[in-house]
Amino acid sequence: MPQAVRPKSDFLAVLAERGFLHQCSDLAGLDAKAKSGELVGYIGFDCTAPSLHVGSLIQIMMLRWLQKTGCKPVALIGGGTTRVGDPSGKDESRKLLSEETIAANKAGIQQTFAKFLRFGAGKTDAIMPDNAEWLSGLRYIDFLREVGRHFSVNRMLTMDSVKLRLDRDQELSFLEFNYMCLQAYDFVELHKRHGVVLQMGGSDQWGNIITGIDLGRRRGTAQLYGLTSPLLATASGAKMGKTAQGAVWLDAKLLSIYDYWQYWRNVEDADVGRFLKLFTELPLAEIARLDALRDSEINEAKKILASEATALLHGRAAAEQAAETARRTFEEGALAETLPSVNVPRHELAAGIGALTAFVRAGLVGSTGEARRQIKGGGLKVNDATLDNERATLTEANLIEGCIKLSLGKKRHVLLKPEG
RNA sequence: GGGGGAGUGUCCCGAGCGGCAAAGGGGGCGGACUGUAAAUCCGCUGGCUAUGCCUUCGUAGGUUCGAGUCCUACCUCCCCCA
């Protein structure tokens, strides 16, 4: 992106040097606004899942920096827009979610924001409105006359979110077609209610954001600004946030803190520097030093990345415990009692549990069939000994220090602990 | 409204003379090599109380010893004409 001079405001300076900036509707104008200390910016999050995942982390970090540089962040919960579904960047329509699901998802997502932002009533305290507040009560004809007349269908058809679907002959329902109108309306409404003048988002949100700025101009509100972050992919091109086990959730109930730490520990070499800048708050000089490490030395940088990123989400103590668990497990080959664990009733263990069943229970494999296959491939271990007999039974005799260590491959470990 | 085409292994794409648990990719998982990396090579990639049983090819029926494959109706989508 064009960037002749270094931004004068702390906010944009940080975003620029840490790699958050992709596009901006008016960099100079926004810079002046941020410099004045009156900047209120928002990012919208739909409640399509019970928790946010790593893919949203870059957005959350932008809000965090906004607050840290003296501005006011608004985390908009899309309780209303989730009922419509954003077609941006998606090949197919999403399944419609029920009201109950949306409400439950919303509750889960709200908890995550509390870890990154300071909420309250102060000038730079974060707030978390829900667009259902103003979208649910909209009346169709009124909305069309007051807002709809400002939208040009000609223009909407040229938006990537719409155009890509049409070009590929993929269905785009009228419901989804309206999404950008609602998002645009959100922007203007947030300006009215909370003085928001900036909307941020991933690069796939550019069209929706611009539409909002446009609507603001046509309706005579103050100048609005848009800013997007680059679409994040790993160095080898995969989308961030998905692994075979599923998404990398930010909620510890869905992904253990240890597994979260491991996710960052296992990033590709080529991503380390970029991720340190985006997902930690270490000084840039320190990051430059870490990024310069090569070969096996870069593992030190990965550990720091893992601990710093985990600390931001789950706290310093939990991050250090995850680091220690990993150190004992990988570097000493010792049994770390703090590995993720699954409980089994003591009487079941006394009677003997089939090894296949045990691995399924531990969640390491999806079925006994898969367990059998992994055994053939030498992928399962019990207490670090490769399991070669699918009829093996686990009993209390297998307990070491009160638990049984089950492993899939070299990296995934779960402790089976007797209870009761 | 008329004509033509398509829906395949619940991750995706895609072959499939009536004997099919169904070719081939991609992705993913495991093994080897490494540094808990990348690249490369190899194996696996429906379920189960497992030398057998059960469930899968848009839905519901039918023909057949046997149907993803043939017939009928229906659903969904795409293209052309009006």
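Counting only residues at least two apart or in different chains, side-chain hydrogen bond (donor to acceptor under 3.5 Å, both in side chains) contacts with residues 373-383 of chain A are absent. Note on residues 283-295 of chain A: pairs passing side-chain hydrogen bond (donor to acceptor under 3.5 Å, both in side chains), not counting sequence neighbours, are A:E286-A:R289.
Checking B:G61 for Watson-Crick or G-U wobble geometry (two distances, each under 3.5 Å) identifies B:C71 as its partner. Of all nucleotides present, only B:U76 satisfies the Watson-Crick or G-U wobble test against B:A6, with each distance under 3.5 Å. Both distances falling under 3.5 Å, in either a Watson-Crick or a G-U wobble arrangement, occur for no nucleotide opposite B:A38. Here B:G43 sits opposite B:C29 as a Watson-Crick or G-U wobble pair (both hydrogen-bonding atom distances under 3.5 Å). When both distances must be under 3.5 Å, the Watson-Crick or G-U wobble mate of B:C17 does not exist.
Between A:F279 and A:W264, the angle of the ring planes lies from 30° to 60°, which puts this pair in the tilted group.
As judged by a 4.0 angstrom heavy-atom cut-off over every strand, A:L380 is placed among residues making no nucleic acid contact. A:V267 comes within 4.0 angstrom of the backbone, heavy atoms only, and of no base. If you check every strand for non-hydrogen atoms under 4.0 Å, A:R373 touches sugar and phosphate atoms only.
Contacts between residues 322-334 of chain A and RNA chain B, defined by a heavy-atom separation under 4.0 Å, are made by A:A326, A:F330. If you check residues 381-393 of chain A against RNA chain B, you find no residue with a heavy atom closer than 4.0 Å. Scanning residues 345-371 of chain A for heavy-atom distances under 4.0 Å to RNA chain B yields A:S367, A:T368, A:G369. RNA chain B is contacted by A:N299, A:K302 of residues 299-306 of chain A, taking any non-hydrogen atom closer than 4.0 Å.
Scanning both residues, A:C403 and A:L415, for their nearest heavy atoms gives SG-CD1, 4.0 Å.
When the side-chain nitrogen and oxygen atoms of A:K376 are compared with OP1 and OP2 of B:U45, none of them lie within a distance under 4.0 Å.
Residue whose closest nucleotide on RNA chain B sits further toward the 5' end, between A:K411 and A:G379: A:G379.
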